[in-house]
Number of protein chains: 2
Amino acid sequence: MKRDVFQALADPTRRAILLLIAAQAMTPNAVAEHFKSSRQAVSKHLQVLSEADLLTQQKNGREIFYHLNPDRMTEVEEWITKFKSLLATKFEQLDNVLEQLKNQKS
Amino acid sequence: MKRDVFQALADPTRRAILLLIAAQAMTPNAVAEHFKSSRQAVSKHLQVLSEADLLTQQKNGREIFYHLNPDRMTEVEEWITKFKSLLATKFEQLDNVLEQLKNQKS
DNA sequence: TCATTGCGCAACCAAATGATTGCATATATT
DNA sequence: AATATATGCAATCATTTGGTTGCGCAATGA
């Protein structure tokens with residue numbers, strides 16, 4: 001399943017997991033040891049993060065290491081950048097925003 | 001109610017609303033005109049964004065203009081920055097991450 | 001004054017979410 | 001071969017979420 005990156009980042013536990021894995025690739029059990037959450041709960045979070053392409057898996061024997069995929073985070077950065085540039089130019093840009101949002105109209 | 005900024009940004013419609021209002025402060029009706037969503041649905045989104053302190057209200061007669069609060073977005077930026085700096089230094093920083101996540105342990 | 005407009009709020013509903021439990025499978029260890 | 005370990009997957013459940021509907025209230029306008 002394809003998932004929205006922002007939605008994947010919405011959960012604070014998932015953000016913490018990302019920070020952990022950003023520092024070092026880890027197995028689900030290793031991740032779970034750092035949280036109150038159970039292994040299964042963590043496993044579900046890892047699945048969500050994987051579906052958002054924020055993580056990749058690397059099987060090694062019976063262990064599965066989850067690695068970070070840094071590319072996907074740039075998508076968030078780009079949104080923020082767009083947002084900020086919009087702020088900078090304000091009113092002048094309203095037409096452009098309207099144009100870009102056109103497909104969301106009824 | 002206090003709300004998580006990331007959670008507020010999780011919904012694509014809310015992100016679009018933020019872009020609109022970033023370009024120009026608007027009333028709920030004005031916002032709703034740009035979406036398929038009903039006024040009440042948009043109004044709820046505005047409420048969520050307000051609870052996350054991403055928007056402020058300014059009453060003017062019977063109209064309420066929603067303005068952007070750009071400060072709150074920096075919180076997201078800071079998380080991303082932290083994330084990226086973690087990536088840059090990788091393994092060396094693992095201890096720091098563990099230290100920061102300590103309070104989330106059982 | 002009376003109708004209309006802009007808006008928030010509460011109740012309600014279907015769908016999604018986060019978590020738990022139980023089980024199956026593959027790999028490792030004895 | 002038998003057991004233990006690491007993990008995923010499905011079912012289930014309570015809670016949250018996004019949306020609709022209906023109502024009430026303040027401000028505008030006739």
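Just so it is clear: chains get the letters A, B, ... in the order the sequence lines come, proteins before strands, and each one is counted from 1.
- Within residues 39-46 of chain A, the residues that place at least one heavy atom under 4.0 Å from DNA chain C are, in residue-number order, A:Q40, A:A41, A:K44, A:H45.
- Contact check for A:N29 versus A:R39: side-chain heavy atoms found under the 4.5 Å cut-off.
- Here A:N29 does not reach the OP1 or OP2 of D:dT5: none of its side-chain N or O atoms lies under 4.0 Å away.
- Ranked by how close their nearest DNA chain C nucleotide is to the 5' end, B:Y66 and A:G61 are led by B:Y66.
- Per the geometry, CD belonging to B:Q47 stands 13 Å off C1' belonging to D:dG19, to the nearest Å.
- Using a 4.0 Å cut-off, no side-chain N or O of B:S38 falls inside it from OP1 or OP2 of D:dG19.
- Using a 4.5 Å cut-off on side-chain heavy atoms (C-beta onward), A:L54 and A:R14 make no contact.
- Among the protein residues, A:F65 comes within range of no part of the nucleic acid, since none of its heavy atoms lies under 4.0 Å from any strand.
- From the 5' end on, the contacts that DNA chain C makes with chain A at under 4.0 Å to a non-hydrogen atom open and close at C:dT17 to C:dA28.
- Between B:V42 and B:S37, the closest heavy-atom pair is CG2-CB, 4.0 Å.
- Within residues 1-11 of chain A, no residue has any heavy atom under 4.0 Å from DNA chain D.
- When rounded to the nearest whole Å, the span between NZ of B:K36 and P of D:dT20 equals 11 Å.
- Counting only residues at least two apart or in different chains, ring-ring contact (aromatic ring centres under 6.0 Å, His included) contacts with residues 43-66 of chain A are absent.
- The heavy-atom pair separating A:A52 from A:A8 by the smallest distance is CB-CB, 3.7 Å.
- Residues that satisfy the side-chain hydrogen bond (donor to acceptor under 3.5 Å, both in side chains) test with B:Q40, not counting sequence neighbours, are absent from this structure.
- Residue B:I64 comes nearest to B:P28 through the heavy atom pair O-CD, 3.3 Å, listed as atom of the first residue, atom of the second, then distance.
- Partners of B:R3 by side-chain hydrogen bond (donor to acceptor under 3.5 Å, both in side chains), not counting sequence neighbours, listed by chain and number: B:Q7, B:E51.
- For the residue pair A:I80 and B:V76, the shortest heavy atom distance occurs at CD1-CG1, 3.5 Å.
- Contact detail for A:R15 and A:L9: the closest heavy-atom pair is NH1-O, 2.7 Å.
- Below the 3.5 angstrom threshold, one finds a donor paired with an acceptor across the side chain of A:R62 and the base of D:dT5.
- Counting only distance, with no hydrogens or angles, the side chain of B:S50 and the backbone of B:L46 share a donor-acceptor pair below 3.5 Å.
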